[in-house]
Amino acid sequence: MGSESNLIEFQAMSLVGEEISHMALDIGGSLIKMVCFLNSDSAGDQSPQSKDEKRDIPNGKLSGHFLRGNLHLLKFETSKISDCIEFLSSKKLQRCGKWCPESRTDDKITVKATGGGAFKFAELFKEKLGITLDKADEMDCLVSGSNFLLKVVQREAFTYMDGKKEYVQIDQKDLFPYLLVNIGSGVSMIKVDGEDKFQRVSGTSVGGGTFLGLGKLLTNCKSFDELLELSHQGNNRVIDMLVGDIYGGLDYSKIGLTSNAIASSFGKAITEHKELEDYKAEDISRSLLRMISNNIGQIAYLNALRFGLKRIIFGGFFIRGHAYTMDTISVAVNFWSKGEAKAMFLRHEGFLGALGAFTSCERDGLDDMMAHELVEHLPSGVNSPKDGVIQDSDPIENENIKV
Ligand SMILES: Nc1ncnc2c1ncn2[C@@H]1O[C@H](COP(=O)(O)OP(=O)(O)OP(=O)(O)O)[C@@H](O)[C@H]1O
Ligand SMILES: CC(C)(CO)[C@@H](O)C(=O)NCCC(=O)O
């Protein structure tokens, strides 16, 4: 691709009947994330702007070849990996051509994969699909996925406070350093200093897996969506012990705690002679969500403080664009940093690793494609759900990216 420029467009469209020309996987402890590139040509796109057509980019500065197709973002539960295998076996994976030159020589399909599952399930992919997983480091992929989104996707980063979402246009020259906090099953905190310059500075095992695991044990919820939905109707004050509960309704202003600040998460459960059944599942879910979000927000702030970082970017599927989660994290960061540090969230929060793996395909020239001029058209619809693909109420996660 060399010096040629590419126009990358973001749109929504369906996966139906299309051939996957390139893909990458992030196989985590809870979820498998998949990024598929569907070349417009393989879908029989006869439009005048189909693949490799030369034309001027609207700003008039650049011209070159355009690769057109769609980036589809999908996820599956890792515990139901057979759904993912089944989905892939129902799709045609291109064995040769521009996107997989290595395949031409030995007819081997190689797919970039990151996350622990790239190791754990390597044999399974080989045996069931004949796919060789080309392992990419998880932290490398999280960072490059995050940098990719922050650099090329418009309206990607936003703040969320008191129910107000505000998109943040980050100046490219002022992007680094930042703290990336990826909340998956567990939590990784990474100080990002540059494109390929980063260090994992901390982590905590109290993350999304803890929320879902404890939530399932403490309530009758069967899924993350159900647990999250329940938390909407809950009241954490029923279970959490507040400063006011200890101080007879008063604030402890000398140390900056109002009467309604949580003094002890789940603390009320020790003072009352109640059984688990006496608590409402929605209150438990609310307290749990609050406890975990608050704890992560606080640890993130402490790490930002350690390195003098003002910007903390939260990713991972635990967030799921959920108002209460984002609000709790933002309040924690704001409270502890006395307004000095800012929590930011990403629209494509759960796909950092998968996008990073996708953009790491240097041999395929995808890195070049991603690095160039990008124009985004806001998504106008959602893809049709497939068997085995988790269906979300959140439209962002059904979004496809047209390039
Ligand atoms: N549909 C869902 N099913 C299961 N968990 C979900 C779902 N949606 C959001 N989550 C939450 O997201 C978490 C997983 O996030 P993510 O996919 O980013 O991490 P992961 O890659 O599976 O984990 P890790 O990186 O620690 O291996 C779950 O633990 C859960 O809290
Ligand atoms: C082990 C990983 C990196 C797997 O994604 C993640 O779950 C994690 O960062 N857990 C936290 C482990 C810790 O730092 O205590």
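Remember, it's 1-based here, ligands and their atoms both numbered in the order they're listed.
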Check whether any N or O atom of Arg320, backbone or side chain, sits under 3.5 Å from an N or O atom of ligand 1, and answer yes or no.
yes
Region of Asn182 that comes within reach of ligand 2 [heavy atoms, distance under 4.0 Å]
neither
Is the closest heavy-atom distance from Glu349 to ligand 1 below 4.0 Å?
no
Which residue holds the protein heavy atom closest to atom 11 (C) of ligand 2, what is that atom called, and what is the gap in Å?
Thr204 O, 3.4 Å
So which of Phe318, Tyr324, Phe317 actually passes ring pair (Phe, Tyr, Trp, His ring centres under 6.0 Å) with Phe211?
Phe318
If we ignore angles and hydrogens, is there a donor and acceptor under 3.5 Å between the side chains of Ser89 and Lys128?
no
To the nearest 0.5 Å, how far apart are CG in Leu180 and CE in Met344?
12.5 Å
In ligand 2, which numbered atoms sit nearer than 4.0 Å to a non-hydrogen atom of Arg200?
8 (C), 9 (O), 11 (C), 12 (C), 13 (C), 14 (O)
Could you tell me whether ligand 1 has any atom less than 4.0 Å away from a heavy atom of Gly209?
yes
Which of the atoms of ligand 1 are close to Leu31, meaning less than 4.0 Å from one of its heavy atoms?
2 (C), 3 (N), 4 (C), 6 (C), 7 (C), 17 (O), 22 (O)
Under 4.0 Å from a heavy atom of Gly208: which atoms of ligand 1 are those, numbered in the order shown and with their elements?
29 (O), 30 (C), 31 (O)
Atom 4 (C) of ligand 2 sits nearest the protein heavy atom Glu138 OE2, 3.5 Å
Under a 4.0 Å N-O cut-off, is there an ion pair linking Arg311 with Asp174?
yes
Contact with ligand 2 for Ser185, non-hydrogen, under 4.0 angstrom:
no
Using heavy atoms and a threshold below 4.0 Å, how should the contact between Phe317 and ligand 1 be classified: side chain, backbone, both, or neither?
both
Let me see the working for Ser146 and Val192 under side chain to side chain contact (heavy atoms under 4.5 Å, CB included), right down to the final yes or no.
CA-CA 10 Å; Ser146 169; Val192 185; 6.0 Å; no
Quick one: does Phe211 get within less than 4.0 Å of ligand 1, heavy atoms only?
no
Under 3.5 Å, is there a donor on one side chain and an acceptor on the other for Ser30 and Ser185?
yes
Does Tyr160 form a ring-ring contact (aromatic ring centres under 6.0 Å, His included) with Phe345? I'd like the steps, not just the answer.
CA-CA 8 Å; Tyr160 194 93; Phe345 304 93; 7.3 Å; no
Taking Thr114 for the side chain and Ala136 for the main chain, is one N or O donor matched with an acceptor at less than 3.5 Å?
yes
Where's the contact between Leu212 and ligand 1, heavy-atom distance under 4.0 Å: side chain, backbone, both or neither?
side chain
With only distance considered, is Asn182 within less than 3.5 Å of ligand 1 through an N or O on each side?
no
May I ask you to list the atoms of ligand 1 that are less than 4.0 angstrom from any heavy atom of Lys33?
16 (P), 17 (O), 19 (O), 20 (P), 21 (O), 22 (O)
Would you mind listing which atoms of ligand 1 come within a distance below 4.0 Å of any non-hydrogen atom of Glu138?
25 (O)
Under 4.0 Å from a heavy atom of Gly316: which atoms of ligand 1 are those, numbered in the order shown and with their elements?
18 (O)
Electrostatic pair Asp245:Lys268 at N-O distance under 4.0 angstrom:
yes
Pull out every atom of ligand 2 sitting under 4.0 Å from any heavy atom of Met139, numbered as shown with elements.
3 (C)
Would you say Ser188 and Asn182 are linked by a side-chain donor-acceptor pair, where the criterion is simply a distance under 3.5 Å?
no
With the threshold set strictly below 4.0 angstrom, can you tell me whether any protein non-hydrogen atom sits that near atom 1 (C) of ligand 2?
no
So for ligand 1, is Ser185 a polar contact partner (N or O within less than 3.5 Å, distance only)?
yes
Any side-chain to backbone donor/acceptor pair from Ser285 onto Leu227? Under 3.5 Å, distance only.
yes
Just checking, any donor-acceptor pair under 3.5 angstrom between side chains of Asp225 and Ser223?
no
Approximate separation, where rounding is to 0.5 Å, of Lys151 NZ and Glu195 CD:
3.5 Å
Can you tell me if Gly350 has a non-hydrogen atom under 4.0 Å from ligand 1?
no
What atoms of ligand 1 come within less than 4.0 Å of a heavy atom belonging to Gly29?
20 (P), 22 (O), 23 (O), 24 (P), 27 (O)
Is the distance between the ring centroids of Tyr252 and Tyr247 under 6.0 Å?
yes
Which of the atoms in ligand 2, numbered in the order shown and given with their element, are less than 4.0 Å from a heavy-atom of Ser205?
15 (O)
